[in-house]
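This structure is a prediction, so every number in the text was calculated from the model and none was measured. Proteins get letters first, then strands, A, B, ... in listed order; numbering begins at 1 in each. Any value given below was found using the heavy atoms of this structure, including those in side chains, with hydrogens, waters and symmetry copies removed.
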2 protein chains.
Amino acid sequence: MKKIDTKTRILNAAEQLFAIYGFNNTSLRQITTEANVNLASVNYHFGSKKSLIQAVLARYLQVFMPTLITELDNLTAQQTNTNQLNLNDLLHTFVKPLLALNQISAQSARNFMVMIGRGYSETQGHLRRYISENYGETLNHIMQLFASTLPNISRTELFWRLHFSLGALVFTMTSDSALAEISESDFSEKVSTEYIVNKLIPFIVAGLKN
Amino acid sequence: MKKIDTKTRILNAAEQLFAIYGFNNTSLRQITTEANVNLASVNYHFGSKKSLIQAVLARYLQVFMPTLITELDNLTAQQTNTNQLNLNDLLHTFVKPLLALNQISAQSARNFMVMIGRGYSETQGHLRRYISENYGETLNHIMQLFASTLPNISRTELFWRLHFSLGALVFTMTSDSALAEISESDFSEKVSTEYIVNKLIPFIVAGLKN
DNA sequence: GTAAATTTTAAACAAGTGTTTGAATTTGTG
DNA sequence: CACAAATTCAAACACTTGTTTAAAATTTAC
């Protein structure tokens, strides 16, 4: 065994390249070169490129989801009749699990969000299917929680507003390099994932409440 | 000359396929087959695939921008000291120019927005550069107008919130087929571009104002 | 109507893609 | 150490990509 095994090195390289160039514009040769492994090892360890994409996502979810569930449980445990669940707190519950991803490798939090975004438009829905098959229950639970903090909004309305929110998040992360470019030249500010998320939450809260 | 000339047929086919599959996942063979023209005619009429992408965007902008400028002028002409420019009105000013695109072909309004979104992440910024080179002045003017309706918000803050808004719009349009799929099965509602935009504007207004 | 310019066409090009192969090498186990 | 299993490797596979070519067809202009 090397210090870092081949499988992990492929995942690390793929994660970064997918986030930058997208799934279809990242070749296995790019990935294996970056990872310093043989071209054929992707198919040996993962079977196919499609499976590799799913494996990258799966690694995020294995870290993100348990952490998120714990945090959500903590939050709901604190609720009483007099102390109702609050939208702002609910949204902040996502921050820690998200930033926890950076323990996988630097920028993983951002890469994860970019991947979610690309999953909607680039992979004919097989990533979306993967998520709803494996975490559908949790997702319903989350939807439930949002609904309870916004009791006056219809399900349809909530559905759309949550997607607007997801869009604001995902687009900002996907266009990140472009935005950072503009932002830094125009305003000369450093942009970290945390920085953006903290600007985003108030925006989303206002939009969701309307 | 045929009823519709080759150049236009290529543009029409490219527009649709780009919106669905993205730039890099749409081949010239797909486009020329869909357009019922010879493969080589793309390079003959446009020079390269990259130029074709730009030509598709240019066609949108030639319709969208003049209409938008007219509408914005109408809006500012109505302003007096007592009748200040309003954020909600400003946003609604974008709707007509946007839907005017549907005269190019059905769904062009949506395709335009999808293209803007993809332009941020898929083309290494050459579409963004094209826009700011050709319409930079108008864009600054628009930024100006937003700033005047939100005098209490810093330039940096406004910059980010406008991109959140753009993200909400663009992501929703890009993931449209996916969302429509979910939405229809879950809520059985028809989703038109207008429908989405009308749901989106209040969301954005609230988020921008905060 | 004929010559010139424009456009269309089929074929081929080089380059890049994911995947498979079978031999070489490394690793784990008795 | 020796054997077997797991892994790595270079090479080739079949296929798709954007682009170019040069001949054929069409349109335009005189």
Practice problem: Run the ring-centre check on B/H163 versus B/F159 and record whether the distance is less than 6.0 Å. | Solution: yes
I'd like a list of close polar pairs between nucleotides 12-16 of chain C and the protein, N/O only, cut-off under 3.5 Å.
none

Quiz prompt | d(CG, B/L28; P, C/dT9) in whole Å | solution = 16 Å
Quiz item: Taking the six-membered ring for Trp, is the centroid-to-centroid distance between B/F18 and B/F23 below 6.0 Å?
Solution: yes
Exercise. Find the distance B/N36:CG to C/dT9:C1' and express it as a whole number of Å.
Key: 14 Å
Quiz item: Would you say B/T6 reaches C/dT7's phosphate, i.e. side-chain N/O to OP1/OP2 under 4.0 Å?
Solution: no
Exercise. Could you walk me through whether B/R129 and B/E133 pass salt bridge (Lys or Arg N to Asp or Glu O under 4.0 Å), step by step?
Key: CA-CA 6 Å; B/R129 233 170 292 126; B/E133 271 170 26; 5.9 Å; no
Quiz item: Do B/T8 and B/D5 get their side chains close enough for a donor-acceptor pair, meaning under 3.5 Å?
Solution: yes
Quiz item: Between atom CG in A/D5 and atom P in C/dT27, what is the gap in whole Å?
Solution: 13 Å
Quiz item: Is it the case that B/R118 and B/N24 place a side-chain donor and acceptor less than 3.5 Å from each other?
Solution: no
Exercise. Return no unless some side-chain N or O of B/N38 is found under 4.0 Å from OP1 or OP2 of C/dA10.
Key: yes
Self-check item: Spacing between A/I31 atom CD1 and C/dT17 atom P, to the nearest angstrom
Solution: 10 Å
Quiz item: What are the two closest non-hydrogen atoms of A/S165 and A/I204, and how far apart are they?
Solution: OG-CG2, 3.4 Å
Quiz item: Rounding to a whole Å, what distance do you find between B/K7:NZ and C/dT6:C1'?
Solution: 13 Å
Self-check item: Interface residues of residues 40-48 of chain A with DNA chain D (non-hydrogen, below 4.0 angstrom)
Solution: A/A40, A/Y44, A/H45
Quiz item: Excluding sequence neighbours, so at least two apart, what forms side chain to side chain contact (heavy atoms under 4.5 Å, CB included) with A/S108?
Solution: A/E15, A/Y60, A/L101, A/N102, A/I104, A/S105
Quiz item: In whole angstroms, how far is the P atom of D/dT19 from the CD1 atom of B/I10?
Solution: 13 Å
